[in-house]
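Both ligands and their constituent atoms are indexed starting at 1 by order of listing.
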Amino acid sequence: MFDEKSLKELAAIEAEGPVLSIYLDVDPTQQQNTDRYKLRLREMLKEVADEGNPEDLEAVKRYVDLEYDWSGRGLVIFSRQAEDIWRVYSLAVPVRSGVTVSRKPYISPLVEIDGLYGRYVVSLVDRQGGRFFLFQMGELTDQEGTVGEDIHRTRKGGGSSVVGMRGGAPASGRREAELVQRNLKDTAQALVSFCRKHKPHRLLVAGAEHVLPKFQEVLPNPLTEILVDSFVANMDASDVEIREKSFEILHELADQRHQHVVEAVQTAASKGQNGVLGLDETLSVAYNGRVQVLVVERDYHQPGYRCQGCGYLTTQELDSCVFCGGEFEEIPDAVEAVVTQTVDKGGGVEVVDNEMMPEGACIGALLRY
Ligand SMILES: [Zn+2]
């Protein structure tokens, strides 16, 4: 199971030699058979036949041929057999196929998927109870239900006949409203326990249109802070319906968030306060661990240099590191390196669409201080 802990672990890997990173789109909804995916994999492995270690190429090929169960929609593998590095992740969401050979695992696509889906909870509620769904990287990994008192049975259980009920309508209506309120509160409490156990980053609430605002009213504080949106759904909606609808909403939210963060970087950078634009500036603030949110366009790559002593990244060819006096090595992608460095130092990363950043800058950051 992939989670953000795995992301930090991957970012911290520092190999002595080349790590093979494989992303393979195996989306069954694309109507392609496994032979085509295997063919695509062989083509990718051929592309890196010179740089990659034969042991790693062979290990990946063997895994896909013999062990992989073809579940999920995206397969991600990192391999460096010589140093016992072997990580396989089968994802419930599609990935773009690609191969990279580098000293560190290539994690940008995973960072993007984590930013989009991450770990979130959908709470489907009605007047009686709730169904809670935990999704991690788009995969349903846990669910729970809670059922309160049956509203209809209680109403009838008062001993009144239908005629009698008409007479007592206001009282029983109030009684019903109280019961619904109590059920909603109990459901909210059960949701608190579910979220305490799983620590989601986001919460979506779903249910009948008239129940949603009432439920949001009784949501306690830690949950309102992570509540991002709500949508109308039937209580008996399938897992797949809930997943697809929530994906749709998360995509929209990501678009809004990206626009917002790009504007924030631009404003901060233009004022010279807590924001930078451009690769050189970003590399130097990232080294100091000052990046709060790194913003980078999806297909932006630039070669650069990395200090072998302290990890300082730069696009300039320098004789020795200004920080530690160490020697530089040329790296194929300083952009990927700064994404990894930011994740490693605990900063956030938003991978945005190409050309979304202001002209001339395909990368930037909001700073902590
Ligand atoms: Zn250095």
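- Between E248 and K245, at least one side-chain N (NZ, or NE/NH1/NH2) sits under 4.0 Å from a carboxylate O, which counts as a salt bridge.
- Distances under 2.8 Å from the Zn ion (ligand 1) pick out the protein N/O/S atoms C307 SG, C310 SG, C321 SG, C324 SG.
- Counting only residues at least two apart or in different chains, ring pair (Phe, Tyr, Trp, His ring centres under 6.0 Å) contacts with residues 321-357 comprise Y287-F323, Y312-F323.
- In this structure, the ring of F247 has its center less than 6.0 angstrom from the ring center of Y117.
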For residues 268-276, run the donor-acceptor check on the side chains, cut-off 3.5 Å, and write out each pair with its distance to 0.1 Å, sequence neighbours left out.
residue	atom	partner	partner atom	Å
S270	OG	Q266	O	3.3
S270	OG	T267	O	2.9

Under 3.5 Å, which donor-acceptor pairs do the side chains of residues 34-42 form with other protein atoms, sequence neighbours left out?
residue	atom	partner	partner atom	Å
R36	NE	Q32	OE1	2.8
Y37	OH	D27	O	2.7

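- Between Y63 and W86, the ring planes are perpendicular. Angles over 60° get that label, and only those under 30° would be called parallel.
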